Structure formats: structure tokens, C-alpha cells
Amino acid sequence: MKEFDYSTVPHYKFYRFAIKVFGPAFKRIYHITYKGMENIPEDKKYIVAINHTCALDPVFVALADGIPALHFMAKTELFENPVVAWVITHLYGFPVKRGQGDTTAVEYAKKIIAEDHVLAICPEGKRIKDKDGVPQKAKAGVALIARDTGAAVLPVAICCKEKIVKGSHLTVRFGEPIKASELGIDENSSREEVKDAANIVMQKISEMRESELSGD
């Protein structure tokens, strides 16, 4: 696997090309409806937090009209294939070693925000393949990054009544941003307190998903 360059945040023309060329087809294939677009902040100092239903979650969100380019974490195993690695990298994905406290990836995520780009993260850390798609507890990462950068967190719920496949009907619902100060943590907070703060984000995502699926 080619070593990922964490030293700089790149700019690739491929991202916008892919969104423009392939985006309309994706929206038709998955029958995507977008709600809560008015909640997308005007500035770029925020983190997009998404429940992890399938590998395409960041793509579904990135196709929303008016949202800036999303730089997103992806498991390092996806970068082992050089062709796949090239595509993911040029779509602003970067590798993270799951379950290992990958400080390099976290510091790169902070750099993304510091340079006025938007970070996308799935707080659960991995796809939810069972449990009826119900969002699960979050890892500490989203709260840790929000605390250290002061970035707000924009909760986004991917909502579908069934497993997401071609032909599904899904809704991408944007919630109101959660200010970093509302997470109630600082540099003296314990690891458990940081995890609790991350779960404030997941609770909001869960509430939005339940509301959408129940028709409220």
C-alpha cells in the first residue's frame, strides 16, 4: 500500500468531476431525498457526523446541493488496492486504523478543519450490519476533534426502512449544528466523558432517524 501523505491537505479536481458526472445517477439509483438543508452552516468550521449504514454514506451526504467538499475517514484496509486507494484519496478520503487510537489520522483531521475544509466522520467507527440499522454508541473521535478544534458538529441521519441497496428509497436528514461548547468537555475531561459527549451526537442522529422513519 502506498504511504498516505498526512503532511498536507490536497486539492483534487476529480472530486467535483465525480460529483457532477456520477452524482445524478446515484441520486436516481438510491432515490435520495434531502431534508434540513437549511441547517448546513455557512462557514466551513464544522464536522459532519453520519450514522454508518453502508460504505456509501459519505457519498450520499456529499451529493447534497450546496455542501462543501467532504474529507472523510476510511478504514485503512480500503487503501490496500492501489486503484481503489487512488479513487478514495482523490475523493478526499484518508486512512484510519480502526480500534488502535490512530493519532496520525486524528491530527490530520484537525489539520483539515484548521485549513477551512469540512471533515466527515462516522462516529460509530464501523458499519452497522445488523441491529436493524439502529445507530450504536460512538467512539470518542468526533468529540475529541470538536473539542480540540472548536468546530461545531453537524449531525446527519441516513434514513432507510431496509438494508440500503440499489433501488432503495432513502432520506438524508441534516440536523441543527451542535456547538463544541454544548458537548460539555475540555482538556481536563476523562476519556469516558469524551465518549459521553460523542454519544450526545449519536443520540441526536438516532432521534432524527427515528422521527424520519416514523413519519414525524
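In this text the structure is predicted, and so the values were computed from the model without any measurement.
Here Asp65 pairs with Lys27 under the salt bridge (charged side-chain N to carboxylate O under 4.0 Å, His left out) rule; sequence neighbours left out. Qualifying side chain to side chain contact (heavy atoms under 4.5 Å, CB included) partners for Ile29, counting only residues two or more places apart in sequence or in other chains: Lys166. Looking at residues two or more places apart in sequence or on another chain, you find a salt bridge (charged side-chain N to carboxylate O under 4.0 Å, His left out) between Asp148 and Lys110.
The structure places CD of Glu107 at 11.5 Å from CD1 of Ile112, a figure rounded to the nearest 0.5 Å. Note that the CD1 atom of Ile47 and the CD1 atom of Ile121 stand 7.0 Å from one another [nearest 0.5 Å].
Within a 6.0 Å sphere centred on CD of Glu182, heavy atoms belonging to other residues, nucleotides or ligands number more than 12.
If you chain together hydrophobic residues whose side chains sit under 4.5 Å apart, Val21 and Tyr12 fall into the same group. Residue Phe4 is not grouped with residue Val83 when hydrophobic side chains (ILVMFWY) are merged at heavy-atom distances under 4.5 angstrom, including chains of intermediate members.
With respect to Val61, the side chain to side chain contact (heavy atoms under 4.5 Å, CB included) criterion is satisfied by exactly one of Leu56, Ile50, Leu154: Ile50. When Lys204, Glu210, Glu212 are each tested for a side chain to side chain contact (heavy atoms under 4.5 Å, CB included) with Met208, only one passes: Lys204.
The closest donor-acceptor contact from the side chain of Asn51 to the backbone of Ile158 lies under 3.5 Å. Panel note: side chain Asp57, backbone Phe60; no donor-acceptor pair is recorded below 3.5 Å. Here the side chain of His31 pairs a donor or acceptor atom with the backbone of Ser168 at under 3.5 angstrom.
Nearest heavy-atom pair, Asn39 versus Pro177, reported as atom, atom and distance to 0.1 Å: O-CG, 3.5 Å.
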